[in-house]
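A quick write-up on the structure given underneath.
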Amino acid sequence: CYNTSLVLGGNPAASEGVAPYTYSWTDENDIFFSNEANPEVNPVTNTFYKLHVSDQNGCEGSDQINVEINSQITINAGEDADVCYGSSTKIGGNPTAENSLFQYSYTWWPATGLDDPKLANPTVTLLDTTTYRLIVSTYLCEPDTDYVTLNILPLPVITISEDINIGYGGSTLLEADGGLSYEWLPTDGLSSPNTAQTDASPEETTTYVVTVTGDNECQSQASVTVTVKNDLFIPSLFTPNGDGNNDYFRIYGTGIEVINMIVYNRNGNVVFESSDANFLQETGWDGTTNGAKQPQGSYMYVISGRFVNGSPIEYKNN
């Protein structure tokens with residue numbers, strides 16, 4: 001391992017012959033550096049060592065050893081980064097570790113949000129700002145450590161229109177708020193799918209999803225469903241007493257194109273009639289005839305007309 005020492009020679013460094021032995025260690029340039037049986041060396045590069053031994057009788061022997069240095073490893077946990085809340089990213093460098101002659105072992109801590117803390121480049125899905133510690137080891141060498149911090153950015157908070165019903169051929173305004181840019185999908189029936197407000201005229205019931213991008217480039221999504229159907233609802237009573245609550249007899253519906261309403265009293269006399277679809281849906285009858293309040297009681301009404309898709313409207317009740 002880089003920057004570590006090594007004891008040369010065997011145990012024993014010499015045998016046979018007649019002791020005592022004389023030792024002579026030289027490097028690859030034949031430069032003498034030790035007469036110990038087991039000298040300690042600290043090579044910084046790959047080095048070739050030679051051992052020459054002579055015994056008491058002058059008999060000689062030799063051996064040699066090649067020491068290869070496992071270079072100092074370089075590790076990289078990656079750059080600190082801003083990450084949108086709940087999104088995923090990879091951490092670690094490219095590469096995360098290099099220079100070793102051997103395989104690397106990776107340990108990321110804490111393991112919170114990691115798909116595998118033993119990978120060189122794990123995927124992180126975070127909900128809170130976190131600093132990760134990376135420990136890399138190789139062979140029997142001293143581990144190295146690096147750190148990376150992921151700062152979690154908030155997502156835009158979206159306000160969006162409520163679900164709504166419209167009739168065939170009808171339209172409604174969809175609105176979203178909470179960011180800098182907007183994208184509505186699908187685009188079918190939309191007048192401007194890349195704005196905060198857009199008119200929606202779908203031909204069938206559609207759920208629109210808006211993607212909102214905030215000033216920190218983070219994105220959120222919300223949805224609204226536009227239900228397309230012909231519908232008609234008539235209340236069973238109203239109280240035209242001027243208290244501001246339920247003072248008008250109105251038609252509620254979607255997809256109405258043409259409509260006519262006639263209201264009769266119990267004597268069969270017409271007390272109200274209108275063919276103004278907007279008036280009937282937005283205002284309605286106030287319970288008067290020629291300015292005179294009609295008495296409390298039961299009245300018969302008859303409604304006729306057609307929806308936008310051509311189907312007829314026929315409705316009567318008390």
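Note that the coordinates shown come from a computational prediction; the quantities given were computed from them, not determined experimentally. The basis for the numbers below is simple: all heavy atoms, side chains too, and nothing from hydrogens, waters or symmetry mates. Note that the numbering runs from 1 along the sequence shown for the chain.
Counting only distance, with no hydrogens or angles, the side chain of Y168 and the backbone of G310 share no donor-acceptor pair below 3.5 Å. T138 places no side-chain N or O within donor-acceptor distance of the main-chain N or O of Y104, the cut-off being under 3.5 Å. Between the side chain of S71 and the backbone N or O of L101 there is no donor-acceptor pair closer than 3.5 Å. Within the 3.5 Å criterion, the main-chain N or O of I152 finds a donor-acceptor partner in the side chain of T129. Listed for the S5 side chain is no donor-acceptor partner under 3.5 Å among the backbone atoms of V41. Remark: the backbone N or O of V258 is not paired with any side-chain donor or acceptor of R306 at under 3.5 angstrom. With hydrogens and angles ignored, the 3.5 Å screen pairs a side-chain donor or acceptor of N121 with a backbone N or O of G93. The closest donor-acceptor contact from the side chain of N265 to the backbone of Y299 lies at 3.5 Å or more, if one exists at all. Side chain of D55 to main chain of Y21: no donor-acceptor pair is present (N/O by atom type, distance under 3.5 Å, no hydrogens or angles). At distances below 3.5 Å, at least one donor-acceptor pair connects side-chain atoms of S100 with backbone N or O atoms of F102.
Atom CG in D82 sits 8.5 Å away from atom SG in C218 (nearest 0.5 Å). Distance check, rounded to the nearest 0.5 Å: CD1 of I160 to CG of D177 gives 11.0 Å. With rounding to the nearest 0.5 Å, the separation of CG in L126 from CG in L153 is 11.5 Å. Separating the CG atom in L173 from the CD atom in Q197 is a distance of 5.0 Å, to the nearest 0.5 Å. Note that the CG atom of N35 and the OH atom of Y23 stand 11.0 Å from one another [nearest 0.5 Å]. If you take CG on N165 and OG1 on T227, they are separated by 4.5 Å, rounding to the nearest 0.5 Å.
Side-chain atoms of Q219 and T213 include a donor-acceptor pair closer than 3.5 Å. There is a side-chain donor-acceptor pair under 3.5 Å between Q221 and T211. At a cut-off of 3.5 Å, with distance as the only test, no side-chain donor of D231 or T254 sits close to an acceptor on the other residue. Side chain to side chain, S274 and D276 fail the donor-acceptor criterion of an N or O pair below 3.5 Å. At a cut-off of 3.5 Å, with distance as the only test, no side-chain donor of S88 or T123 sits close to an acceptor on the other residue. Side chains of S62 and K50: a donor-acceptor N/O pair is absent below 3.5 angstrom, by distance only. In summary, the side chains of T74 and N99 do present a donor paired with an acceptor at a separation below 3.5 Å, with no hydrogens or angles considered. Using modelled atom types and a 3.5 Å distance limit, the side chains of S275 and N260 yield a donor-acceptor pair.
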If you apply the rule side-chain contact (heavy atoms from CB on, under 4.5 Å), what do you find for T22 with V53, and how did you get there? CA-CA 6 Å; T22 300; V53 181; over 6 Å; no
Residue pair S311, N230: steps toward the side-chain contact (heavy atoms from CB on, under 4.5 Å) verdict: CA-CA 9 Å; S311 59; N230 292 330; 3.6 Å; yes
Run the numbers on D80 and L150 for side-chain contact (heavy atoms from CB on, under 4.5 Å), then give the verdict. CA-CA 6 Å; D80 294 346; L150 298 183; over 6 Å; no
Could you go step by step and tell me if Q294 and T289 meet the side-chain hydrogen bond (donor to acceptor under 3.5 Å, both in side chains) rule? CA-CA 7 Å; Q294 297 302 298; T289 301; 3.3 Å; yes
What verdict does the side-chain contact (heavy atoms from CB on, under 4.5 Å) test give for V271 and Y264, after you've listed the backbone C-alpha separation in whole Å, the side-chain angles of each residue and the deciding distance to 0.1 Å? CA-CA 6 Å; V271 294; Y264 302 88; over 6 Å; no
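One hydrophobic cluster holds both I65 and I69 under the rule that ILVMFWY side chains link at heavy-atom gaps under 4.5 Å. Side-chain heavy atoms closer than 4.5 Å link hydrophobic residues (I, L, V, M, F, W, Y) into clusters, and following such links, even through other members, never connects L119 to I135. Under the 4.5 Å side-chain contact rule for hydrophobic residues, F307 and I234 share a cluster. Note on L280: it does not cluster hydrophobically with I166, by side-chain heavy-atom contacts below 4.5 Å among ILVMFWY residues. Both I259 and V263 are assigned to one and the same hydrophobic cluster, defined by single-linkage of ILVMFWY side chains at heavy-atom distances under 4.5 Å.
With a 4.5 Å cut-off on side-chain heavy atoms, T149 and T130 do not count as touching. Between D199 and L190 there is no side-chain heavy-atom pair separated by less than 4.5 Å. Looking only at side-chain heavy atoms (C-beta outward), V224 and I164 stay at 4.5 Å or farther from each other. Between L232 and I251, some side-chain heavy-atom pair lies under the 4.5 Å cut-off. Annotation: side chain of R250 is not in contact with side chain of Q281 (no heavy-atom distance under 4.5 Å). A 4.5 Å side-chain heavy-atom check between T26 and I31 finds every atom pair outside the cut-off. Using a 4.5 Å heavy-atom cutoff, the side chains of F272 and M261 are in contact. Considering only heavy atoms from C-beta on, L8 comes within 4.5 Å of W25 through its side chain.
Within the hydrophobic cluster formed by Ile, Leu, Val, Met, Phe, Trp and Tyr side chains joined at under 4.5 Å, directly or through other members, F233 is accompanied by Y252.
Other residues, nucleotides and ligands place no more than 12 heavy atoms under 6.0 Å from the CD atom of E204. More than 12 heavy-atom neighbours from other residues, nucleotides or ligands sit within 6.0 angstrom of CG on N29. No more than 12 heavy atoms of other residues, nucleotides or ligands sit less than 6.0 Å from atom OH of Y85. The number of heavy-atom neighbours closer than 6.0 Å to CZ of F48, taken from other residues, nucleotides and ligands shown, is above 12. Within a 6.0 Å sphere centred on CG of N66, heavy atoms belonging to other residues, nucleotides or ligands number more than 12. When the shell of 6.0 Å around CG of N94 is examined, it contains 12 or fewer heavy atoms from other residues, nucleotides or ligands.
Between W285 and F238, the ring centre distance stays below 6.0 Å. Taking the centre of each ring, Y301 and F249 come in below the 6.0 Å mark.
Of all heavy-atom pairs between P122 and W108, the closest is CD-NE1, 3.4 Å. The two residues L134 and A77 make their nearest non-hydrogen contact at CD2-CA, 3.9 Å. Considering every non-hydrogen atom in both L114 and P110, the closest pair reads CD1-O, 3.6 Å. Minimum heavy-atom separation, F33 to P39: CE1-CG, 4.3 Å. Annotation for T207 and P186: closest pair O-CD, 3.6 Å, computed over non-hydrogen atoms. Closest approach of D247 to N241, counting heavy atoms only: OD1-OD1, 3.2 Å.
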